[in-house]
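Each remark here refers to the structure printed beneath this line.
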Amino acid sequence: MTDTPQAAPKKLRRLLLTGATGAMATAIRPLLSELADTVVVSGRREVQNLLPHEENCCASLDDFDAVNAAVAGCDGIIHLGGYSVEGPFGPIQDANIQGVYNLYEAARAHGHPRIVFGSSNHVVGFYPQSETIDAQAVPRPDSLYAVSKIYGEALARMYFDKFGQETAILRIGSCFDYPKSHRMLATWLSYEDFVSFCQTAFHAPKLGCPIVYGMSNNTRSFWDNSAADYLGWTPKSNSEDFVAQVQEAHPNPNPNDPLNVYHGGTFPELPIVTETKDD
């Protein structure tokens with residue numbers, strides 16, 4: 001008796017991708033046709049070279065009316081938009097605090113489409129790499145950027161408890177085409193595994209508001225995702241395939257280099273960027 005092949009998950013009708021002009025979003029855009037019939041690509045600037053399944057919708061995250069228009073009619077959201085590096089607090093506040101509030105208010109107004117919220121490993125960036133942590137670990141942010149992501153995680157949880165808005169909080173590790181350092185052998189998340197996570201989040205019978213560490217099926221890891229096993233996500237890539245390449249590029253890594261000390265790599269050593277005002 002042969003097993004009956006499982007049908008592919010039904011596509012979303014209309015998926016919103018924020019931060020669509022960023023490097024990670026640009027890399028995953030061709031893969032999103034597997035998830036939705038139409039992908040609304042949104043950012044502060046118009047996306048160039050639209051793919052057949054894409055539709056432009058410019059929206060600055062700190063502009064509620066623009067965000068509301070982008071969310072309207074969508075039955076899923078991948079939120080990668082925002083200020084994605086350490087920097088002055090003003091731009092971080094506009095994009096990652098006001099912006100994420102605008103996104104959740106828009107989702108509440110338009111039927112609670114499930115959200116994959118692109119959080120960051122930097123919310124636990126001050127943990128030592130010698131320590132394995134799970135979703136219950138107390139945040140130890142390594143930057144103002146990380147603090148803003150903790151706000152987003154807290155907002156997502158509040159909207160779930162108060163309004164039933166389901167969100168998969170993904171603390172993205174290092175999402176690149178391949179791992180580029182010894183640290184990334186633990187934190188690497190392939191583009192394909194990111195997209196498969198999104199598919200799982202949109203179609204899981206039960207989602208809720210889990211915190212999941214965004215990493216592939218790496219042999220080396222300092223994060224424990226067992227609390228999210230109920231989702232049924234099985235990443236397939238493994239950074240071990242790139243060990244020789246990493247070792248050739250970075251032989252004899254310095255164990256005292258912050259890159260090899262903290263979960264957040266070099267971020268704990270970054271200075272606070274102070275804003276100056278014109279006289």
Side-chain angles (χ1 to χ4, degrees), residues 10-22 24-26 28-29 32-33 35-48 50-84 87 89-120 145 147-170 172 194-195 197-199 201-203 207-210:
K10 183 179 179 181
K11 287 186 178 183
L12 299 177
R13 186 181 62 81
R14 191 173 176 85
L15 171 67
L16 173 63
L17 173 67
T18 69
T21 58
M24 181 177 168
T26 299
I28 67 166
R29 278 172 48 210
L32 296 183
S33 61
L35 271 60
D37 294 326
T38 299
V39 178
V40 180
V41 288
S42 180
R44 294 175 64 91
R45 305 182 307 278
E46 188 172 277
V47 173
Q48 303 300 314
L50 285 182
L51 299 170
H53 61 280
E54 293 178 331
E55 176 183 307
N56 252 317
C57 183
C58 289
S60 179
L61 288 169
D62 60 356
D63 180 342
F64 175 75
D65 289 339
V67 173
N68 191 56
V71 170
C74 292
D75 47 351
I77 299 170
I78 298 175
H79 182 53
L80 297 180
Y83 201 92
S84 62
F89 183 68
I92 292 174
Q93 175 179 247
D94 291 345
N96 297 5
I97 294 179
Q98 182 66 54
V100 78
Y101 168 77
N102 288 344
L103 182 77
Y104 273 81
E105 274 297 283
R108 184 162 75 98
H110 292 286
H112 304 274
R114 283 184 176 181
I115 298 173
V116 173
F117 173 65
S119 186
S120 171
Y145 162 70
V147 170
S148 74
K149 288 298 185 179
I150 293 173
Y151 167 83
E153 291 187 3
L155 193 78
R157 184 72 213 191
M158 187 272 282
Y159 270 72
F160 173 65
D161 288 336
K162 189 179 286 286
F163 305 118
Q165 170 66 58
E166 292 188 293
T167 296
I169 297 169
L170 189 68
I172 297 170
F194 173 77
V195 172
F197 176 80
C198 294
Q199 187 169 63
F202 291 134
H203 295 287
L207 180 58
C209 191

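Contact check for Arg14 versus Val40: side-chain heavy atoms found under the 4.5 Å cut-off. Between Leu32 and Leu51, the closest side-chain pair of non-hydrogen atoms is not below 4.5 Å. Residues Leu16 and Val71 meet the side-chain proximity criterion, which asks for heavy atoms closer than 4.5 Å. By the 4.5 Å heavy-atom criterion applied to side chains, Leu50 and Asn56 are counted as neighbours. Side-chain atoms of Cys209 and Ile169, non-hydrogen and from C-beta on, do get closer than 4.5 Å to each other. You'll find the side chain of Val100 reaches within 4.5 Å of the side chain of Tyr104, heavy atoms only. Residues Tyr159 and Glu105 meet the side-chain proximity criterion, which asks for heavy atoms closer than 4.5 Å.
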request  = Kindly determine whether Gln93 and Tyr83 satisfy side-chain hydrogen bond (donor to acceptor under 3.5 Å, both in side chains), including the steps that lead there.
outcome  = CA-CA 9 Å; Gln93 175 179 247; Tyr83 201 92; over 6 Å; no
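The line from OG of Ser42 to CG of Leu61 is 7.0 Å long, rounded to the nearest 0.5 Å. To the nearest 0.5 angstrom, Ile28 atom CD1 is 4.5 Å from Phe194 atom CZ.
Geometrically, Arg108 engages Phe163 in a cation-pi contact, judged by NZ or CZ lying under 6.0 Å from the ring centre and within 45° of the ring axis.
A donor-acceptor pair under 3.5 Å links the side-chain atoms of Lys11 to the main chain of Ser33, judged by distance alone. Put simply, the side chain of Glu166 gets close to the backbone of Gly208: a donor and an acceptor are under 3.5 Å apart.
At a cut-off of 3.5 Å, with distance as the only test, no side-chain donor of Thr38 or Glu55 sits close to an acceptor on the other residue. Side chains of Ser60 and Arg44: a donor on one and an acceptor on the other come within 3.5 Å.
Taking the six-membered ring where the residue is Trp, His79 and Phe117 present parallel rings, their angle staying beneath 30° rather than reaching 60°.
By the 6.0 Å contact criterion, OH on Tyr101 is open, its count of non-hydrogen atoms from other residues, nucleotides or ligands being 12 or less.
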